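Let me give you the structure first, and then I'll get to my questions.
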2 protein chains.
Amino acid sequence: MTTMDDVARLAGVSTSTVSHVLNGTRKVNAETRLRVEEAIEQTGYRRNVVARALAAGRTNTVGLSISALTNPYFGSLVHAVERALSDAGYVLIVGDSHDEAESEKRVVDSLLGRKVDGMIVAPAAGSERASLPEIARAGTPLVLIDRGADIESDQVGPENESSAKALTDHLLDIGHTRVGVVRGLAGISSTTERFDGYVAALSDRGIDLDASLIVDGESNTEAAERGVYALMSSADRPTALVSMNNAMTIGTLKAIRRLGLSIPGDVAFVCYDDFEWSDLFEPKLTAAAQDVETIGATAVELLLRRIQGDDGAAQHIRVPTTFHHRNSCGCA
Amino acid sequence: MTTMDDVARLAGVSTSTVSHVLNGTRKVNAETRLRVEEAIEQTGYRRNVVARALAAGRTNTVGLSISALTNPYFGSLVHAVERALSDAGYVLIVGDSHDEAESEKRVVDSLLGRKVDGMIVAPAAGSERASLPEIARAGTPLVLIDRGADIESDQVGPENESSAKALTDHLLDIGHTRVGVVRGLAGISSTTERFDGYVAALSDRGIDLDASLIVDGESNTEAAERGVYALMSSADRPTALVSMNNAMTIGTLKAIRRLGLSIPGDVAFVCYDDFEWSDLFEPKLTAAAQDVETIGATAVELLLRRIQGDDGAAQHIRVPTTFHHRNSCGCA
DNA sequence: CTGAAAGCGCTAACAT
DNA sequence: ATGTTAGCGCTTTCAG
């Protein structure tokens with residue numbers, strides 16, 4: 001493998017000069033620079049980023065801990081983050097936390113050991129007490145994405161409460177009074193906030209919260225399907241349903257289909273999160289769509305600012321959702 | 001930041017001993033080990049993976065170059081690869097090639113500079129002449145995933161030709177003679193092979209290939225939608241359609257919907273690639289499903305073997321698809 | 001404008 | 001069973 005030494009020797013200069021032409025870190029005689037560039041060309045030299053990182057004390061690398069890469073929503077998020085970072089000359093290392101604090105800790109540990117310059121985390125339930133303090137202790141810049149946590153750090157996520165309220169309000173507006181809700185994984189802020197939005201909508205109209213109308217979908221489609229199946233099999237089932245994320249939506253739709261119920265005829269339906277195919281589905285789904293691109297880009301922006309040394313107050317940014325009024329709500 | 005020196009000093013041993021207890025690379029007195037472990041605990045020491053990599057000459061890192069993380073298919077693939085690697089103690093670095101040889105070259109360069117121990121690549125069109133030779137020159141173990149290329153290296157992908165043929169055969173079996181095809185991005189092996197499967201099915205029945213029935217969906221949903229819209233607007237449109245990957249399928253369905261045509265009434269439909277929601281969609285889609293888990297795990301297995309020094313002949317592995325007979329083909 | 005040389009934090013001979 | 005030490009390939013101060 002060719003090293004800087006080889007290049008220096010071939011060009012008849014010191015490694016220090018080679019390093020400087022490579023990095024543009026000091027003025028170099030045009031002619032010398034040319035010789036160096038030729039030597040690089042000739043040898044096919046490629047700088048060893050590992051050695052560079054060790055010497056320079058930064059890796060130009062950012063770590064991302066995220067749950068469930070399989071979920072298309074997170075897939076898009078990773079994509080958005082990756083693009084923003086690579087535009088800024090950084091490389092992304094992703095770890096999947098499976099939404100468990102313990103496995104998140106492993107991911108974070110590994111990332112920290114790799115001396116990432118910064119970290120973006122979609123915190124699992126319980127990570128305030130597990131990985132997040134470690135990151136703080138290591139002094140690594142951090143921004144939370146998608147969900148929040150009760151710590152001092154930048155955070156970027158979608159608007160949850162008011163969007164969930166708007167979805168629920170819509171069902172209420174068109175006359176429903178028994179509205180079921182399918183909520184996501186317990187213990188994470190987005191679940192709580194979206195549920196709060198649902199509750200707020202009800203309470204605005206003086207409707208009491210009915211615990212029997214709440215389905216806990218945990219993290220997965222299957223749980224949501226089971227829960228909705230049970231709920232919708234009951235005698236006094238709700239006339240409308242709000243689903244709080246895309247996995248919940250798939251589960252819900254499967255259950256409804258399995259029961260032979262029709263949307264919106266037998267039950268009106270609205271959901272948080274949009275799908276690429278949501279206007280393909282019959283009926284088209286009325287949904288609140290997140291702006292994943294903006295969320296990802298914003299997280300990166302905040303993080304880079306921290307990496308560059310900004311130590312202003314922590315920012316909490318909410319990116320608005322877009323309400324897509326289609327026909328699963330049944331008010332055409 | 002605490003280093004091995006700090007730990008060694010606190011434990012009253014040499015750094016070499018610390019290193020060996022950390023790595024289990026030589027026997028150390030139980031008592032000494034305990035002292036070291038305590039010192040590690042006390043200082044909150046975490047080994048600097050960058051320094052380790054430089055000294056040891058390996059990074060325990062694998063690079064993955066893939067196109068379009070947004071595509072749920074690739075999302076699952078990344079997920080599968082990540083899991084298999086992390087089980088083996090490796091960390092994944094992902095780069096998005098956007099299916100362009102040039103941007104793939106950037107990704108590969110960066111990965112190579114980071115001294116990844118191995119590389120998994122879903123080659124873009126033209127990468128035989130761009131990034132792949134570089135990887136070979138660097139001597140980095142490589143396995144191709146999803147698509148093949150005409151080089152000497154391990155390759156893992158889905159069964160394409162026979163699966164595409166089976167899909168087409170099915171339409172032919174139930175009496176269609178004018179079968180349109182929506183193919184994927186030109187220049188990559190999966191597109192070619194799947195198209196070959198379509199052609200083979202026709203030729204088996206003595207049906208001539210009709211160029212007017214071929215839609216080139218390029219890489220994206222929009223192109224597929226436009227192409228199918230045009231095709232299905234024509235007077236003598238086909239009575240059946242095969243779509244060759246999930247992006248093409250979404251485009252096709254959008255076009256059909258836009259034209260107000262019904263499946264399978266106006267046109268029978270089958271597709272390569274399955275969706276999580278494919279039995280939610282009405283009608284349920286008849287599809288050939290890839291086994292992404294197996295593809296990912298196999299790629300990792302082959303790669304690790306190479307990393308461990310195996311230099312046997314290159315293997316080309318095809319993972320079978322599963323035919324899901326549902327009702328978009330209209331032969332219920 | 002350029003070079004010499006001291007590390008960055010760790011691993012792995014080589015000694016003892 | 002443990003310690004000494006020479007690097008790994010680069011960056012960056014300090015001299016010139």
Side-chain angles (χ1 to χ4, degrees), chain A residues 1-37 39-40 43-61 89 109-110 112-117 138-140, chain B residues 1-37 39-40 43-61 89 109-110 112-117 138-140:
Chain A
M1 209 209 29
T2 115
T3 73
M4 248 173 66
D5 263 323
D6 302 325
V7 175
R9 204 169 314 123
L10 186 62
V13 299
S14 71
T15 61
S16 149
T17 296
V18 176
S19 169
H20 283 118
V21 340
L22 238 28
N23 300 315
T25 30
R26 82 179 175 195
K27 220 185 328 282
V28 169
N29 189 328
E31 202 180 308
T32 320
R33 178 198 283 101
L34 209 68
R35 282 216 312 287
V36 172
E37 278 161 352
I40 291 178
T43 53
Y45 170 74
R46 170 184 295 121
R47 91 137 104 39
N48 182 333
V49 179
V50 175
R52 173 181 156 88
L54 181 59
R58 62 204 154 62
T59 53
N60 286 310
T61 278
D109 257 344
S110 149
L112 251 21
R114 293 194 129 72
K115 299 288 172 239
V116 294
D117 295 338
T140 305
Chain B
M1 208 210 31
T2 115
T3 73
M4 248 173 68
D5 263 323
D6 302 324
V7 174
R9 204 169 313 122
L10 185 63
V13 300
S14 71
T15 61
S16 148
T17 297
V18 176
S19 169
H20 283 118
V21 339
L22 238 28
N23 300 315
T25 30
R26 81 180 177 195
K27 223 190 319 291
V28 5
N29 191 328
E31 201 180 307
T32 319
R33 178 197 283 103
L34 209 68
R35 282 216 314 286
V36 172
E37 279 161 354
I40 290 177
T43 53
Y45 170 75
R46 171 184 296 120
R47 86 141 106 36
N48 182 331
V49 178
V50 175
R52 173 179 154 91
L54 181 59
R58 62 204 153 64
T59 53
N60 287 308
T61 278
D109 257 343
S110 149
L112 251 21
R114 294 194 128 72
K115 299 289 172 238
V116 294
D117 295 338
T140 305

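Being a predicted model, the structure only gives us computed values, none of them experimental.
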- Item | Pairs involving residues 10-28 of chain B, ordered by first then second residue, that meet salt bridge (charged side-chain N to carboxylate O under 4.0 Å, His left out) (sequence neighbours left out) | none
- Message: Heavy atoms only, 4.0 Å cut-off, all strands: where does G12(B) land among base, sugar-phosphate and nothing?
- Response: sugar-phosphate
- Please examine the side chains of R114(B) and N60(A), heavy atoms only from C-beta on, and report whether any two atoms are closer than 4.5 Å. yes
- Query: How many Å lie between NZ on K115(A) and C1' on dC10(C), as a whole number?
  - Reply: 12 Å
- Note on the structure: With Y45(A) as partner, the option from L10(A), V7(A), D6(A), V36(A) fulfilling side-chain contact (heavy atoms from CB on, under 4.5 Å) is V7(A)
- Of the non-hydrogen atoms in R35(B) and A11(B), which two are nearest, and what is the gap between them? NE-O, 3.0 Å
- Task: Using atom NZ of K27(A) as one end and atom P of dT2(C) as the other, report the distance to the nearest whole Å.
- Result: 11 Å
- Name of the residue among L54(B), T59(B), T61(B), T140(B) meeting side-chain contact (heavy atoms from CB on, under 4.5 Å) with K115(B): T59(B)
- Query: For T32(A) and dT2(C), is the shortest distance between a side-chain N/O and OP1 or OP2 below 4.0 Å?
  - Reply: yes
- Query: Who passes side-chain contact (heavy atoms from CB on, under 4.5 Å) against V28(B), sequence neighbours left out?
  - Reply: V21(B), T32(B), R33(B)
- Item | Contact letters for nucleotides 7-16 of chain D, in which S counts primed atoms plus P, OP1 and OP2 and B counts the base, heavy atoms under 4.0 Å | BBBBBB----
